Amino acid sequence: MGDGREPAPETVAAALLGDGPHRAVADVVRARLRMVPEGARALDAAEASPGDARKRELLTAAVAHLLASDQAFARYLATTGLGRPADPPTVQLRSEPGTVQLRVGPPSAPPPKGPTTVQLRTGPAAARAQAALAARRSTAGIVAALVLVLIAALVALGVHLGSRPLLKPGGPGLAHAARPLGDPVLVRGVLPDEGAMPRGWQVQRAPQSGTGVTGPLPCLLPDSCDQQLAYATVTFGATSVQTVEFDVVAFASPEAAAKAFDSALDRTAGEESTTVAIPRIGDQSATRTHGSSSAVALVRVGGVLLLVRDDGPGAALTAPGLTVFARLLADRAGQAQDGRTPDASARGTTG
């Protein structure tokens with residue numbers, strides 16, 4: 001990954017056995033481990049005896065193997081709290097009239113009284129000159145600080161200055177680049193092919209695409225079916241009993257897609273449905289299971305609604321694993337709406 005945010009297997013393994021602040025992410029890791037027999041055995045053994053050092057070592061080894069063999073999942077973990085390194089020690093320089101103080105330690109730590117603080121005293125003349133210089137720079141410093149705060153806020157919101165308009169042409173809010181995908185060919189391009197899927201997944205039902213609500217997907221906006229522009233769908237299988245279906249539905253605007261997201265979410269509700277907590281993907285996302293053998297992830301990216309359905313034994317148990325597929329589809333939908341040819345891939349993962 002190369003950005004200093006690689007998740008440490010020891011940290012991930014510890015999160016699996018504790019009640020720390022990353023329980024939702026830990027649930028995703030548990031589901032991924034249980035997709036392979038070795039990971040499931042190591043996890044079960046460590047959970048049964050969390051104080052057994054040997055079993056914790058075996059769990060750490062299983063996590064390390066998962067991260068090494070599934071780079072897409074490792075990159076996902078790097079975006080969560082488990083992939084964020086602790087704040088490194090900092091060197092702080094504080095200047096006051098007559099005193100220059102150098103301190104080593106976390107920004108939030110109180111001023112230490114020990115040898116980690118070094119003070120350099122200056123004479124009265126130097127102190128007066130320093131105070132006058134600080135006064136002259138105060139206004140410019142405040143303006144510069146405000147500019148930096150504004151830029152940091154924009155970057156945090158994901159607004160790349162100069163690359164796209166700040167506001168959507170049709171109304172308030174942040175822009176997501178984009179043109180509606182009214183052409184079925186463009187919508188079909190969002191679907192992954194076998195080359196973009198984790199190894200072992202093959203097409204079970206060939207891709208289909210079309211306009212409006214003429215295909216297998218119903219109208220998700222009963223009062224505004226004309227806002228549902230095009231669709232595409234494909235189904236993959238890893239075994240004879242497990243399939244994953246990808247559905248892409250393009251709408252005339254992000255607002256219409258948001259209403260369709262709510263409508264589709266309502267359609268997935270039922271007596272046997274259960275909401276599964278996974279990290280947010282795209283502009284909106286949700287995952288639900290139905291009984292023990294079906295799960296569906298819904299994601300909205302701009303004006304496109306995405307559905308990923310997992311059917312097969314144990315689908316409810318591995319529902320968080322749908323994150324890999326949902327993020328893949330979301331990345332490809334974002335590329336298409338940015339006017340690029342979708343090429344996001346999960347190749348190299350084990351599914």
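Just so we're clear, the structure is a prediction, and the values are computed from it rather than from any experiment. Heavy-atom basis, side chains included; hydrogens, waters and symmetry copies ignored.
Between Thr341 and Gln335, the shortest heavy-atom contact is O-OE1, 4.3 Å. Summarising the geometry of Ala330 relative to Val301, their closest heavy-atom pair is CB-CG2, 3.8 Å, with the distance given to 0.1 Å. In plain terms, the two heavy atoms of Gln204 and Thr243 that are nearest each other are CG-CG2, 4.4 Å.
Taking CG from Leu298 and CG from Leu306, the interatomic distance works out to 9.0 Å, rounded to the nearest 0.5 Å. The CG atom of Leu265 sits 7.0 Å away from atom OG1 of Thr275, with the distance rounded to the nearest 0.5 Å. With rounding to the nearest 0.5 Å, the separation of NZ in Lys259 from CG in Leu305 is 14.5 Å. In this structure, CG on Leu191 lies 10.5 Å from CD on Gln208, to the nearest 0.5 angstrom.
One hydrophobic cluster, built from ILVMFWY side chains closer than 4.5 Å, holds both Val324 and Leu66. The hydrophobic clustering, which links ILVMFWY residues whose side-chain heavy atoms are closer than 4.5 Å, places Val244 and Leu307 apart.
Around atom CZ of Arg205, no more than 12 heavy atoms belonging to other residues, nucleotides or ligands sit under 6.0 Å away.
In this structure, the side chain of Gln228 engages the main chain of Pro218 through a donor-acceptor pair within 3.5 Å. Looking only at distances, a side-chain donor or acceptor of Arg332 sits under 3.5 Å from a matching main-chain atom of Ala344. Of the possible polar contacts, none joining the Asp338 side chain to the Arg340 backbone as a donor-acceptor pair under 3.5 Å is found. With hydrogens and angles ignored, the 3.5 Å screen pairs no side-chain donor or acceptor of Glu38 with any backbone N or O of His65. Formation of a donor-acceptor pair under 3.5 Å by the Arg309 side chain with backbone atoms of Ser294 is not found in this model.
When each of Thr211, Val304, Val248, Thr233 is checked for a side chain to side chain contact (heavy atoms under 4.5 Å, CB included) with Val187, only Val248 meets the rule.
Residues Met197 and Phe246 have side chains in contact (heavy-atom distance under 4.5 Å, counting atoms from C-beta outward). Residues Leu229 and Leu181 form no side-chain contact, since every pair of their non-hydrogen atoms from C-beta on lies 4.5 Å or further apart. Two residues are said to be in side-chain contact when any heavy atoms from C-beta on lie closer than 4.5 Å; Leu217 and Asp247 meet this criterion. Counting heavy atoms from C-beta outward, Leu329 and Pro192 have side chains that approach closer than 4.5 Å. Phe261 has its side chain out of reach of Asp283: every pair of non-hydrogen atoms, C-beta onward, lies at least 4.5 Å apart.
Looking at residues two or more places apart in sequence or on another chain, you find no side chain to side chain donor-acceptor pair (under 3.5 Å) involving Arg56. Residues satisfying the side chain to side chain donor-acceptor pair (under 3.5 Å) test with Glu47, not counting sequence neighbours, are Arg30, Arg34. Residues passing the side chain to side chain donor-acceptor pair (under 3.5 Å) test with Thr268, sequence neighbours excluded: Arg288.
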Exercise for review: Would you sort out whether Asp310 and Phe325 count as a side chain to side chain contact (heavy atoms under 4.5 Å, CB included), showing the intermediate values?
Suggested key: CA-CA 10 Å; Asp310 183 7; Phe325 296 128; over 6 Å; no
Practice item. Under the side chain to side chain contact (heavy atoms under 4.5 Å, CB included) rule, what do Leu322 and Ile278 come out as? Steps first, then yes or no, please. Key: CA-CA 9 Å; Leu322 283 176; Ile278 65 171; over 6 Å; no
Practice item. Verify side chain to side chain contact (heavy atoms under 4.5 Å, CB included) between Leu58 and Arg41, making sure each step is shown before the conclusion. Key: CA-CA 10 Å; Leu58 292 176; Arg41 283 195 294 269; over 6 Å; no
